[in-house]
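Reviewing the structure listed below.
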Amino acid sequence: MDALIKSLRPGKPADAKPSEVKSPDVAPETRPAELDPAEFLAAAVRADLPRPSRAEAEHAVHTLLSYIGENPGREGLLDTPRRVVEAFDELYQGYHQCPAEVLDRTFGETAGYDDFVLVRDIEFTSQCEHHMMPFYGRAHIAYTPVERVVGLSKLARLTDIFARRLQTQEHLTAQIAAAIDEVLKPRGVAVLIEAEHTCMSVRGVAKHGAMTFTSRFTGMFRDNPAEQQRFLSLVRGPNR
Ligand SMILES: Nc1nc2c(ncn2[C@@H]2O[C@H](COP(=O)(O)OP(=O)(O)OP(=O)(O)O)[C@@H](O)[C@H]2O)c(=O)[nH]1
Ligand SMILES: [Zn+2]
């Protein structure tokens, strides 16, 4: 796996802008610049980069409590900075996890299986990068394997790793598809995500129940409208 991640890091200079970095094997038009696999397939937190201490993070929560008009010294709030930082550790654990590793274990005994594999209704909760408020919903993921298949739970684990980072729904959708494409090299990937954003239901425009749909199709799903339609009808069809 290390070799895979290393092979995806084409000696990129630390200060290069993403737009200046070229992935060697992929035509530029097939993948947006921000989806450089060297960036998103490894764990995002690097041991060699300095991070604020836990005490500093708790102090920041203390400051926010004062900012909203609270008294951080009252009994009910004494442990709140610790709890909030622990909650952040949980909600943002995806920064410490490696998407490529999750897809590393594959199985070859598929009896010549040659159709797509669809895992529907993968529940997730993520945090929007604009407001740091939750958005939650379901991801539907299909891929058409070439010889080897991945464990089904790994598609859900992959979703969680990317969801447990600050995200936009579009970025989450694209990253899931790109990771599967990059590691499994399937004949195609289809990802559909439906989610409700609390930043537009409990604040701001306050529209409860508005659902956002995003999709990403690669390979045979992008090139063959019939396959795309078959995926969509299994995900959204009358048998639900
Ligand atoms: N495209 C996209 N937009 C998102 C996502 N999550 C939140 N947003 C939007 O991000 C936008 C941020 O808009 P801004 O005008 O900068 O921020 P704001 O003043 O808080 O906007 P309002 O939410 O309209 O009050 C809002 O329209 C949000 O609805 C997402 O996953 N994808
Ligand atoms: Zn938001």
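Sequential numbering from 1 along the given sequence is applied to the chain's residues. Atoms within a ligand are numbered from 1 in the order they appear, just like the ligands themselves.
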Would you tell me whether [X] and [Y] have side-chain atoms, one donor and one acceptor, within less than 3.5 Å of each other?
| X | Y | result |
| --- | --- | --- |
| H171 | E129 | no |
| H140 | E194 | yes |
| T214 | Q169 | yes |

Open item on the list: Parallel, tilted or perpendicular: which one describes the rings of F135 and H197, with boundaries at 30° and 60°?
Closed with: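 F135 vs H197 ring planes: parallel.
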When distances are taken from atom 25 (O) of ligand 1, the protein heavy atom at minimum range is R203 NH2, 2.9 Å
protein heavy-atom neighbour closest to atom 17 (O) of ligand 1 works out as H131 NE2, 4.0 Å
Are more than 12 heavy atoms, taken from residues, nucleotides or ligands other than [X], located less than 6.0 Å from that residue's [atom1] atom?
| X | atom1 | answer |
| --- | --- | --- |
| E123 | CD | no |
| R157 | CZ | no |
| H59 | NE2 | no |

Single-linkage hydrophobic cluster L234~L192, side-chain heavy atoms < 4.5 angstrom
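Same hydrophobic cluster.
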- Query: Under a single-linkage definition using a 4.5 Å side-chain heavy-atom cutoff for Ile, Leu, Val, Met, Phe, Trp and Tyr, are L155 and F107 assigned to the same hydrophobic cluster?
  - Reply: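 Same hydrophobic cluster.
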| message | Using a 3.5 Å cut-off on N or O atoms only, is H130 in polar contact with ligand 1? | response |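 Yes.
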(Q) Check this for me - ligand 1, T168, N or O atoms closer than 3.5 angstrom, yes or no? (A)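 For ligand 1, there is no N or O atom that lies under 3.5 Å from one belonging to T168.
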Less than 4.0 Å from [atom], is there any heavy atom belonging to the protein?
| atom | result |
| --- | --- |
| atom 20 (O) of ligand 1 | yes |
| atom 8 (N) of ligand 1 | yes |
| atom 32 (N) of ligand 1 | yes |

In terms of atom number and element, which parts of ligand 1 are under 4.0 angstrom from non-hydrogen atoms of Q169?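 Per the distance check, 30 (C), 31 (O).
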Atoms of ligand 1 less than 4.0 Å from C199 heavy atoms?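 Listed by number with element: 7 (C).
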Heavy atoms only: which of M133, E170, E129 is nearest to atom 1 (N) of ligand 1?
->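 Looking at heavy atoms only, the winner is E170.
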Part of H197 with heavy atoms under 4.0 Å of ligand 1, whether side chain, backbone, both or neither |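 Within the 4.0 Å criterion, H197 contacts ligand 1 through side-chain atoms alone.
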Considering only heavy atoms, does H171 approach ligand 1 within less than 4.0 Å through its side chain, its backbone, both, or neither?
->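 No part of H171 comes within reach of ligand 1.
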Could you measure the distance from the CZ atom of R165 to the CD atom of Q97? Nearest 0.5 Å is fine.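 Going from the CZ atom of R165 to the CD atom of Q97 covers 8.0 Å.
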message: Just checking: H197, one of its N/O/S atoms, less than 2.8 Å away from the Zn ion (ligand 2), yes or no?
response: no
C199 SG to C128 SG via the Zn ion (ligand 2), rounded to 10°, gives 130°
Exercise. Check H131 and report its N/O/S atom nearest to the Zn ion (ligand 2), by atom name.
Key: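 Result: ND1.
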